[in-house]
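See structure below.
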Amino acid sequence: MIKKRTLITSALPYANGFIHLGHVAGAYLPADIYARFQRLSAEETLYICGSDEHGVAITIAAEKEKVTPKDIIDKYHEANKAAFDKLGITFNKYSRTSIPEHRDTAREFFGDFLKKGFLNEKEEEQFYDEKAKMFLPDRYVEGICPNCGADGARGDQCDACGAYYDQTELKDPKSLVSGDTPIAKKTTHWYLKFGEFQKFLEKYIESNDPEWKDNVLQQSRSWLKLGLTERAITRDLTWGIDLKGIEGIDDKKAEGKALYVWFDAVLGYISATKELMKEYEKAGKAAPEDWKNKWWQNDDTRYLAFIGKDNIVFHTLIFPAMLHGKGENYILPTNVPANEFLNLEGRKFSKSKNWSIDLQDFFNDFPDKFSVDALRYAIATNFPETKDADFTWKDYQARNNNELAAIFGNFVNRSMQFTHKNFDGKIPELSGKYKDIDAKWADLAEFVKNNPDAVINKEDFGIFNDSDLLAIRSLVAGIDLVSNHYNRFRFRDAITETMNIARAANKYFNDEQPWKTAKNDPEGCAKTLYICAQLVRSLAVVFAPIVPNACALINDYLGIKQSLGEVDINADLIDTWASAALPILKQGAEIKKPAILFHKVEDETVTAQTEKLGEKQAAAEAEKEELITFDEFMKVKLRTAKIIEAEKLKKSKKLLKLQVDLGGEKRQILAGVAEFYKPEDLVGKIIVVVANLQPAKIMGTESQGMMLAASTDDGKLCFVTPEKSDIGAGAEVR
RNA sequence: GCCGGAGUAGCUCAGUUGGUUAGAGCAUCGGAAUCAUAAUCCGAGUGUCGGGAGUUCAAAUCUCUCCUCCGGUACCA
């Protein structure tokens with residue numbers, strides 16, 4: 001079905017940290033490339049995003065940095081907004097969920113669902129920690145299992161016997177937050193009756209066009225197969241969308257409650273659109289209520305939700321259920337092109353381990369615009385479309401040097417240099433048999449478009465020689481291929497084909513040997529360079545979604561004033577893409593003297609960046625190491641112990657159950673070393689244990705100490721043992 | 001342990017519903033060329049498609065099993 005316009009969203013980044021390359025590869029760059037492609041194709045396009053600014057993680061981050069939550073969200077919102085801008089991500093609107101429009105939108109959905117009976121109000125007793133002044137989520141309470149009597153049972157499920165029960169049935173409960181005994185207190189929460197949407201969602205998922213990616217379909221189906229159950233959409237939370245004053249809600253019950261972020265965040269797309277449309281309205285570019293009449297509630301709108309794989313079901317099931325439940329003709333995602341994750345030099349991006357390249361880091365070290373292009377290109381050629389992919393600095397270098405600079409940049413440069421040296425810096429003027437070249441070119445392009453595989457009858461296009469024909473054919477066919485790939489969200493393929501167009505252009509230059517014809521066939525040479533100039537301009541169009549800065553500069557060299565897919569509400573929609581394969585440069589027009597577009601990335605840069613990664617990580621680790629006092633250290637009683645018995649703990653992959661002799665005293669200790677030692681290897685060994693550790697129950701089994709072992713990040717592990725084993729069991733270790 | 005994903009050329013990855021000789025880019029080697037950022041263009045080689053078994057005329061693709069890696073979750077006291 002052909003839709004009239006395209007609405008694009010990317011998952012709202014959470015405003016408690018900086019955006020890194022992994023985020024970029026997952027949702028923002030693919031969406032931007034697609035948005036630019038759509039705009040170039042004269043498709044009316046909105047690209048919407050913003051900061052997700054509610055939830056516990058924000059308040060925790062605020063406490064950590066000793067500032068207010070508002071400080072946190074302001075800081076990261078501004079920083080990320082600026083970073084996206086530098087990367088050339090062309091949001092029509094980068095909003096935030098703390099704006100009043102968003103509160104209104106979210107509360108409207110909640111109120112509506114309440115009225116329609118989609119919500120289940122449940123009053124339950126839940127443990128409340130009076131010291132910490134908070135209700136305790138399941139994982140923050142533990143006690144004795146009401147079913148099997150095992151100690152250390154958590155929340156609503158016993159790990160030992162697997163029983164489910166109500167939190168408050170726990171015997172001898174303890175708060176893991178303050179350590180106090182929590183009191184049972186009544187609290188009200190609202191649950192979305194997700195199950196009521198099961199049938200609808202099954203139909204929705206299965207009726208989607210086959211272009212949906214496999215990973216997206218499978219994960220959605222797997223959820224549906226398990227059956228959708230009620231999900232709480234409120235939390236005991238102060239930092240979020242409050243519920244007071246919503247019709248049908250008792251203010252007392254609403255006290256201290258806020259919307260759970262997953263219900264809140266996806267609606268940010270809608271409120272951001274509302275906010276944007278108000279701006280457009282002021283500028284005279286939108287009618288009142290366009291946000292829904294034209295966009296969110298119009299069947300002619302195609303909605304694409306770009307996300308990372310962690311967000312799939314929120315956009316294929318939960319958000320559609322919300323939109324459907326709300327009624328009013330809200331449209332559902334037409335497609336949800338989810339990417340997998342990008343790794344960094346073979347390892348996962350990790351904020352805590354500081355294994356990351358934030359956009360800020362990159363811009364600091366590579367401030368020029370063309371490095372940004374190179375980054376976009378390097379990431380996009382390696383998008384994690386079907387499986388996790390890897391970003392390496394070496395790859396960045398290779399992509400930049402061997403492809404962007406050597407193929408694309410070089411063709412632009414050699415064509416323009418040649419034109420300056422031999423044609424006085426003007427698009428060559430053609431005469432004689434080449435007089436009607438533009439018309440012939442257009443005919444040829446039309447023919448190739450309609451008969452992609454047909455043999456070209458040379459007679460029909462007599463003025464062109466074989467390499468002319470091949471060049472124009474490659475251009476037309478190439479652009480067509482690129483479009484097809486984009487339309488199927490095959491970005492990597494699209495980019496490969498884009499680069500192939502530049503390759504064909506280089507081939508044309510080689511085959512034509514203008515440096516020779518300049519001497520013996522000036523007319524032919526002029527034709528060659530005329531075609532090359534047009535090819536340069538064509539390349540500027542097809543490369544624009546990927547490397548926009550370089551393409552804008554090329555346009556400037558050529559004296560073309562034409563939008564290349566940026567956001568410009570005052571510009572008319574022009575189908576630049578459709579005419580990308582046609583000659584539009586005028587003969588005799590002056591072109592500027594070009595500068596190098598893409599500079600080589602040196603080996604030293606790669607080495608420096610790789611080392612920097614390691615240093616950052618080391619620094620993060622050092623920071624974590626707090627110094628302790630001598631007294632604190634002396635609190636830990638370490639003793640040698642002899643392992644008497646060892647066996648694998650049932651149902652456990654990592655734990656061994658050890659019986660050790662502590663010098664007269666027997667202890668049972670659980671040790672997470674089963675992946676490294678067989679039980680029989682350990683019996684008789686002298687080890688070091690923490691003797692005065694509080695006993696704890698793990699998987700229903702008590703552990704009365706801890707065995708010391710040395711372990712590395714890459715997963716090696718060995719236990720610690722005294723140098724002389726005749727020291728025996730029970731010796732103090734200091 | 002459970003759930004999900006993955007294992008294909010030296011490297012990074014494609015391989016649509018099972019169907020000819022398993023592909024691309026980079027890297028490597030050889031050649032042409034010298035307008036251009038020593039940049040281009042042409043040509044070449046390369047694989048037990050993680051192991052094993054099965055279904056089939058036919059398996060990278062389907063089934064079973066095992067191994068390894070990643071993510072999530074559940075116990076590394």
Side-chain angles (χ1 to χ4, degrees), chain A residues 139 152 154 157 159-160 162 210-211 214-215 218-219 222-223 226 309-310 312 340-341 343 346-348 378 381-392 394-395 397-399 401-422 488 490 492-493 495-497 499-500 502-518 525 528-529 532 594-600 649-656 668-676 689-690 693-709 711 717:
Chain A
R139 48 189 290 255
R154 279 196 186 175
Q157 188 191 4
D159 294 329
E211 294 302 330
D214 239 28
N215 56 346
Q218 299 294 32
Q219 198 174 327
S222 135
W223 268 55
L226 287 171
K309 66 174 168 186
D310 51 338
I312 289 175
E340 303 286 307
F341 284 157
N343 289 328
R347 292 166 50 188
K348 209 196 162 189
T381 47
N382 205 18
F383 272 152
E385 284 174 8
T386 54
K387 60 179 170 192
D388 290 358
D390 199 22
F391 177 90
T392 65
K394 243 184 128 177
D395 186 59
Q397 179 193 34
R399 294 294 185 182
N401 294 6
N402 301 336
E403 296 178 25
L404 272 185
I407 299 171
F408 177 37
N410 181 43
F411 176 72
V412 173
N413 190 246
R414 73 200 293 204
S415 301
M416 291 191 161
Q417 295 281 11
F418 199 97
T419 304
H420 267 275
K421 278 187 190 155
N422 295 278
R488 296 174 55 205
R490 308 284 302 235
R492 292 162 60 126
D493 289 341
I495 290 161
T496 304
E497 286 306 331
M499 194 50 86
N500 281 344
R503 285 196 169 92
N506 270 317
K507 178 174 168 53
Y508 177 69
F509 202 108
N510 271 39
D511 291 350
E512 284 286 279
Q513 304 187 316
W515 55 90
K516 279 188 186 161
T517 56
C525 182
T528 303
L529 266 295
C532 283
I596 299 288
L597 292 178
F598 303 103
H599 290 275
K600 292 282 174 71
L649 191 65
K650 269 183 203 166
K651 287 203 284 182
S652 164
K653 187 167 72 174
K654 297 175 177 173
L655 292 178
L656 289 183
Q668 170 172 293
I669 288 177
L670 298 185
V673 297
E675 289 172 300
F676 305 93
V689 299
V690 180
L693 197 64
Q694 277 187 7
K697 279 220 172 165
I698 303 147
M699 296 183 76
T701 307
E702 189 168 73
S703 178
Q704 302 154 327
M706 175 176 167
M707 167 180 172
L708 294 194
S711 68
L717 184 146

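Below, read A as the first sequence line, B as the second, and so on, with proteins coming before strands; counting in each chain starts at 1.
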Just checking A:Phe598: base, sugar-phosphate only, or nothing, at a heavy-atom cut-off of under 4.0 Å?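 Here A:Phe598 touches the bases of the nucleic acid.
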Which part of the nucleic acid does A:Ala389 contact within heavy-atom distance under 4.0 Å: base, sugar-phosphate only, or nothing? sugar-phosphate
Evaluate whether the aromatic ring of A:Phe418 and the six-membered ring of the B:rC35 base sit under 5.5 Å apart, centre to centre, with an inclination under 30°.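 No, A:Phe418 does not stack on the base of B:rC35.
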Among [options], the nucleotide that comes nearest once only the side chain of [X] is considered:
X: A:Lys600; options: B:rA24, B:rU37, B:rC41; answer: B:rU37
X: A:Arg492; options: B:rC42, B:rU37, B:rC13; answer: B:rC13
X: A:Trp515; options: B:rU37, B:rA36, B:rU34; answer: B:rU34
X: A:Ala406; options: B:rA39, B:rC42, B:rU37; answer: B:rA39
X: A:Phe509; options: B:rU37, B:rA24, B:rC35; answer: B:rC35
X: A:Asn382; options: B:rC26, B:rU12, B:rU37; answer: B:rU12
X: A:Met706; options: B:rA77, B:rU37, B:rA36; answer: B:rA77
X: A:Arg399; options: B:rC35, B:rU37, B:rG25; answer: B:rG25

[N] [atom2] sits how many Å from [X] [atom1], rounded?
X: A:Met499; N: B:rC13; atom1: CE; atom2: P; result: 19 Å
X: A:Asp511; N: B:rC41; atom1: CG; atom2: P; result: 10 Å
X: A:Asn401; N: B:rC26; atom1: CG; atom2: C1'; result: 12 Å
X: A:Glu340; N: B:rG71; atom1: CD; atom2: P; result: 13 Å
X: A:Glu403; N: B:rC26; atom1: CD; atom2: C1'; result: 7 Å
X: A:Lys516; N: B:rA36; atom1: NZ; atom2: C1'; result: 16 Å
X: A:Asp390; N: B:rC13; atom1: CG; atom2: P; result: 6 Å
X: A:Gln513; N: B:rA33; atom1: CD; atom2: C1'; result: 7 Å

For atom [atom1], what is the distance between [N] and [M], given to the nearest Å?
N: B:rC66; M: B:rA24; atom1: C1'; result: 33 Å
N: B:rU40; M: B:rA27; atom1: P; result: 8 Å
N: B:rG7; M: B:rU61; atom1: C1'; result: 15 Å
N: B:rA9; M: B:rG47; atom1: C1'; result: 5 Å
N: B:rC13; M: B:rU56; atom1: C1'; result: 30 Å
N: B:rU65; M: B:rG23; atom1: C1'; result: 30 Å
N: B:rG51; M: B:rU12; atom1: C1'; result: 25 Å
N: B:rG50; M: B:rA33; atom1: C1'; result: 45 Å

Check whether any side-chain nitrogen or oxygen of A:Lys421 sits under 4.0 Å from OP1 or OP2 of B:rA36, and answer yes or no. yes
Is any side-chain N or O of A:Arg490 closer than 4.0 Å to OP1 or OP2 of B:rG15?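 So the side chain of A:Arg490 is within the cut-off, an N or O lying under 4.0 Å from OP1 or OP2 of B:rG15.
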N/O donor-acceptor pair, side chain A:Asn410 with base B:rU37, under 3.5 angstrom: no
In which ranges does RNA chain B form stems of 3 or more consecutive Watson-Crick or G-U pairs, distances under 3.5 Å?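 Stem list for RNA chain B: B:1-7 with B:67-73, B:10-13 with B:23-26, B:28-32 with B:40-44, B:50-54 with B:62-66.
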Testing the basics here: between [X] and [Y], what is the closest heavy-atom pair and its distance to 0.1 Å?
X: A:Phe509; Y: A:Pro514; value: O-CD, 3.2 Å
X: A:Asn506; Y: A:Asn410; value: OD1-ND2, 4.2 Å
X: A:Leu597; Y: A:Val412; value: CD1-CG1, 4.2 Å
X: A:Leu529; Y: A:Ser415; value: CD1-O, 3.6 Å
X: A:Pro594; Y: A:Asn413; value: CG-ND2, 4.2 Å

Just wondering, do A:Leu404 and A:Met499 contact through their side chains at under 4.5 Å, heavy atoms?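 Result yes, sub-4.5 Å side-chain heavy-atom pair found.
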When you compare the side chain of A:Asn510 with that of A:Arg414, does any pair of heavy atoms fall below 4.5 Å? yes
Could you give me the CA-CA distance, side-chain angles and deciding distance for A:Arg399 and A:Asp395, then say whether side-chain contact (heavy atoms from CB on, under 4.5 Å) is met? CA-CA 6 Å; A:Arg399 294 294 185 182; A:Asp395 186 59; 3.7 Å; yes
Ranking A:Ile596 and A:Asp395 by the position along RNA chain B of their nearest nucleotide, the one closer to 5' is A:Asp395
Between the side chains of A:Asn500 and A:Arg503, does any donor sit under 3.5 Å from an acceptor? yes
Using the test ring pair (Phe, Tyr, Trp, His ring centres under 6.0 Å), find all partners of A:Phe341 that sit at least two apart in sequence or belong to another chain. none
For the backbone of A:Arg492 and the side chain of A:Glu385, can you confirm whether one donor and one acceptor N or O come within less than 3.5 Å of each other?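 At least one qualifying donor-acceptor pair exists.
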Before giving the answer on side-chain contact (heavy atoms from CB on, under 4.5 Å), spell out for A:Asn422 and A:Trp515 the whole-Å C-alpha distance, their side-chain angles and the decisive distance to 0.1 Å. CA-CA 9 Å; A:Asn422 295 278; A:Trp515 55 90; over 6 Å; no
Close N or O pairs between protein and nucleotides 27-31 of chain B (under 3.5 Å):
| unit_1 | atom_1 | unit_2 | atom_2 | d |
| --- | --- | --- | --- | --- |
| B:rA27 | OP1 | A:Asn402 | ND2 | 3.2 |

